[in-house]
2 protein chains.
Amino acid sequence: MSNRDRILDLALTLMNEEGAEAANTTRIASALGISPGNLYYHFRNREEIVRVLFETLEVEFRAVLVEDVGPPIPPARFAAFYLRSFDLAWRYRFFFGGLLGLLRRDEELAARYRALQDWALAELERIAGQLVKDGSMSRPRGREGLRSVALNTWLIWMNWIRFLQISGKDVIQPADMAAGASQLFDVLAPYLDPAFEKSARRALARNLPR
Amino acid sequence: MSNRDRILDLALTLMNEEGAEAANTTRIASALGISPGNLYYHFRNREEIVRVLFETLEVEFRAVLVEDVGPPIPPARFAAFYLRSFDLAWRYRFFFGGLLGLLRRDEELAARYRALQDWALAELERIAGQLVKDGSMSRPRGREGLRSVALNTWLIWMNWIRFLQISGKDVIQPADMAAGASQLFDVLAPYLDPAFEKSARRALARNLPR
DNA sequence: GTCTATTTAGAGGAAACACTCTAGAAGGAG
DNA sequence: CTCCTTCTAGAGTGTTTCCTCTAAATAGAC
């Protein structure tokens, strides 16, 4: 593995475990046994490391949202989609944990994050709409029904891992992910076709992230 | 106003505007025109300032959750309760924005926060249960129905302001608070009695935070 | 084998920050 | 007036952190 990759790797681990601020250049370099000059050869500055990590997150995230939910959506794939998305959030938990601070310190990152978020919200709305079309779900009331459901899904999704960490859960287990998926489910539950819901929940309980 | 109060005041403003890390002791002292020694006379360290701010938040929060929701709960008071709670979250937004980092750096604060959160979750569940008893709401399905609804409410509540900030909203207006309250509403909406919901939404639209 | 581009080491500058220490002013109690 | 507590100033210490700069090692192209 190249030094560049080792830097990214360690930065991710460190940030995930102790927060985004914990991975300072000095620490990364010394833990890796390389010089600070070396680190700064590969990355212009600290922000760039975060930006590159965000890029990989973004690529993976878009893939999850697009690949896994082509119509029509069967319940098992729907459940797997939730679990996959939480797995991703877990692997990049540093990002969600310190999001506000990261975006404040890096205007470019902020712009890119916001674009991704807008896209995700539209996509979640599209997926919900698809479920309605599939006949797996009744349409939420109100002009903005679907949009609101998508937004609540997003809010819970992006904060579930953070909530676990805040609550003092140090080791997070598959069951915790499943609990998060279940919370997401409960946003849609009142609108879901009972057979679809039952089947999806069973898939969730089986707990297979693919 | 005593120097102690001025320190707390400025720390809160600074943290709200630029994040919890922005309010360093040097900056607070110099902005206030006092010496660092003076600041350290009033507070043992930086953490203590945050802890005191949290205490005032906690007191206010408990008051909102307890005072405003004695049974039975009429729709207008229910709406006002949501708006009041968002107003509080707004005034102490620094706390929610940097929560994970703050708790990581201060074990005592973490313990106190977690106790408050546990209490809040139980209280939200109690309120939902009260709505059911009042006949304003049908009971969510499942053994953990009420609990799940309470948890989703909590997750959205504690992250709504942060979501607005992350999304780049610099000036937050009453309409944004009402939108947050509406998102909270949509968690319960499928279970609410139509008349209750309509009436509560009207109260929300009227937008009076008391 | 030489030349050039890439990669690495490591010393160290510059600034930010939390906090300490000493000394003294201000104000109230007796 | 005197003493004691409360409050304030400001210099200064030690640490952390980001980042720069110079020089040298390494590796691939020709």
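In what follows, every chain begins at residue 1, and chains take the letters A, B, ... in the order their sequences are listed.
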Test item: side-chain donor near acceptor, B/Thr56 and B/Tyr92, under 3.5 Å: yes
Position toward the 5' end of DNA chain C (nearest nucleotide), A/Gly37 or B/Arg46: A/Gly37
Closest-nucleotide ordering on DNA chain C, the 5'-leading residue of A/Arg4 and B/Glu47: A/Arg4
salt_bridge(B/Asp186, B/Arg201) N-O dist < 4.0 Å: yes
Polar side-chain atom of B/Asn159 near backbone of B/Arg162 as donor-acceptor pair, under 3.5 Å: no
Flag for B/Arg91-B/Asn16: side-chain donor and acceptor within less than 3.5 Å: no
Distance test, side-chain N/O of A/His42 to OP1/OP2 of C/dT8, below 4.0 Å: yes
Chi angles and distances behind the ring pair (Phe, Tyr, Trp, His ring centres under 6.0 Å) call for B/Trp90, B/Phe96: CA-CA 9 Å; B/Trp90 166 251; B/Phe96 302 96; over 10 Å; no
Flag for A/Arg6-A/Asn3: side-chain donor and acceptor within less than 3.5 Å: yes
Atom pair distance, as rounded to whole Å: CE in A/Met1 and P in C/dT7: 16 Å
Whole-Å gap separating P (C/dA16) and CZ (B/Arg27): 11 Å
Interatomic distance where CD1 belongs to A/Ile28 and P belongs to D/dT17 [whole Å]: 11 Å
Between P of D/dG10 and CG of B/Leu39, the distance in whole Å: 15 Å
Pair A/Glu144 + A/Arg147, salt bridge at N-O below 4.0 Å: no
Short side-chain N/O contact from A/Asn38 to OP1 or OP2 of C/dG10, under 4.0 Å: no
Euclidean distance, atom CG of residue A/Asn45 to atom P of D/dC19 [Å, nearest integer]: 5 Å
Spacing between B/Ile34 atom CD1 and C/dA25 atom C1', to the nearest angstrom: 16 Å
Which nucleotide in D/dT8, C/dT20, C/dA9 has an atom nearest any side-chain atom of A/Ser35: C/dA9
Contacting residues from residues 11-26 of chain A, given that a heavy atom lies under 4.0 angstrom of DNA chain C: none
Nearest-angstrom distance from the residue atom CG of B/Asn3 to P of D/dG10: 13 Å
Integer-rounded Å distance: D/dG12 P and B/Tyr40 OH: 19 Å
Contact under 4.0 Å: B/Tyr41 side-chain N or O vs D/dT8 OP1/OP2: no
